[in-house]
Amino acid sequence: MVSSLALAGCATTQNEQYAESSYSPNRVQRNNYLAHTQSDPLGAYLSSRESEYPISQPKNNNKKTMVATALSVLGTKYRFGGETPNTGFDCSGLVIYAAEKSLGLKLPRQSSALAHQGVAVKRNELKRGDLVFFNTRGRRFSHVGIYLGDKKFVHAPRTGSVVRIENMDVSYWKKRYNGARRLAANTNTHGKSQLTATN
């Protein structure tokens with residue numbers, strides 16, 4: 001199995017993204033791996049069955065869950081720095097979009113900063129909607145996705161790809177898993193949502 005793959009964009013600066021040569025071993029290995037995971041029939045299937053796996057929400061709240069929001073943009077193109085369906089998404093852009101639309105949260109822009117939001121969650125205690133983190137660029141928390149249950153997560157992988165679902169038990173992701181965080185929206189005295197955070 002490929003031992004040194006990296007995903008572009010999520011917690012990088014523009015200079016870091018373009019520093020990696022198109023012909024570098026990491027780029028070739030990453031593209032080789034991702035070339036075999038372009039098709040995502042599982043993503044379409046799970047998206048169509050979202051209503052069968054509801055997550056409890058406060059009464060009178062018609063907003064989609066974080067998972068449903070992320071699944072609604074499956075197939076959206078990857079774009080470094082993107083954070084809307086119209087522009088495309090990078091990994092942290094997808095997370096902040098889904099959190100704002102579903103929980104009303106304003107989150108930090110980089111995946112490494114997202115790793116300090118909410119509360120830590122053990123791998124065997126993951127729930128749908130938790131943020132899952134991976135070391136894909138030689139440093140912790142350089143990639144983030146949203147856990148779907150059944151060891152699957154949705155994310156925006158890299159340039160040339162789209163928002164899609166992956167299996168955390170695949171060797172590539174299993175070796176690079178860094179941890180998880182759970183977000184929750186609180187309502188303050190003025191009726192506005194704010195993040196419950198414990199570092």
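- In plain terms, the two heavy atoms of G75 and V162 that are nearest each other are O-CG1, 3.4 Å.
- Of the candidates R158, Q110, R109, R109 is the only one forming a side chain to side chain donor-acceptor pair (under 3.5 Å) with D90.
- In this structure, CZ in R139 is found 11.5 Å from CG in N178, a value given to the nearest 0.5 Å.
- Between Y172 and T136 the shortest side-chain heavy-atom distance falls below 4.5 Å.
- Taking OG1 from T84 and CG from L94, the interatomic distance works out to 11.5 Å, rounded to the nearest 0.5 Å.
- When every heavy atom of T87 is checked against every heavy atom of K77, the shortest pair comes out as O-CE, 3.6 Å.
- The minimum heavy-atom distance linking K151 with N167 is given by the pair O-OD1, 3.3 Å.
- Taking the charged nitrogens against the carboxylate oxygens, E166 and R164 do have a contact shorter than 4.0 Å, which makes a salt bridge.
- By the side-chain hydrogen bond (donor to acceptor under 3.5 Å, both in side chains) test, K174 is found to be paired with no residue, residues two or more places apart in sequence or in another chain being considered.
- Nearest approach of S161 to P157, heavy atoms of both residues: OG-CG, 3.8 Å.
- The side-chain heavy atoms of T69 and Y97, taken from C-beta on, include a pair separated by under 4.5 Å.
- A distance of 8.5 Å separates NZ in K106 from CD1 in I96, rounded to the nearest 0.5 Å.
- Between L131 and M66 the shortest side-chain heavy-atom distance falls below 4.5 Å.
- Remark: D150 engages K152 in a side-chain contact (heavy atoms from CB on, under 4.5 Å) (not counting sequence neighbours).
- Summarising the geometry, atom CZ belonging to R79 is positioned 10.5 Å from atom OG1 belonging to T159; distances are rounded to the nearest 0.5 Å.
- Rounding to the nearest 0.5 Å places OH of Y177 at 13.5 Å from CG of N135.
- Side-chain atoms of S111 come within 3.5 Å of backbone atoms of F141 as a donor-acceptor pair (strictly under, hydrogens ignored).
- The ring pair (Phe, Tyr, Trp, His ring centres under 6.0 Å) test applied to F153 returns F134, H155, W173, not counting sequence neighbours.
- Heavy atoms only, all atoms of each residue included: Q117 and P108 are closest at NE2-CG, 3.6 Å.
- Between L114 and V144, the closest heavy-atom pair is CD1-CG1, 4.1 Å.
- Two residues are said to be in side-chain contact when any heavy atoms from C-beta on lie closer than 4.5 Å; R123 and M168 meet this criterion.
- With I146 as the fixed residue, the side chain to side chain contact (heavy atoms under 4.5 Å, CB included) test singles out one of V154, L71, I165: V154.
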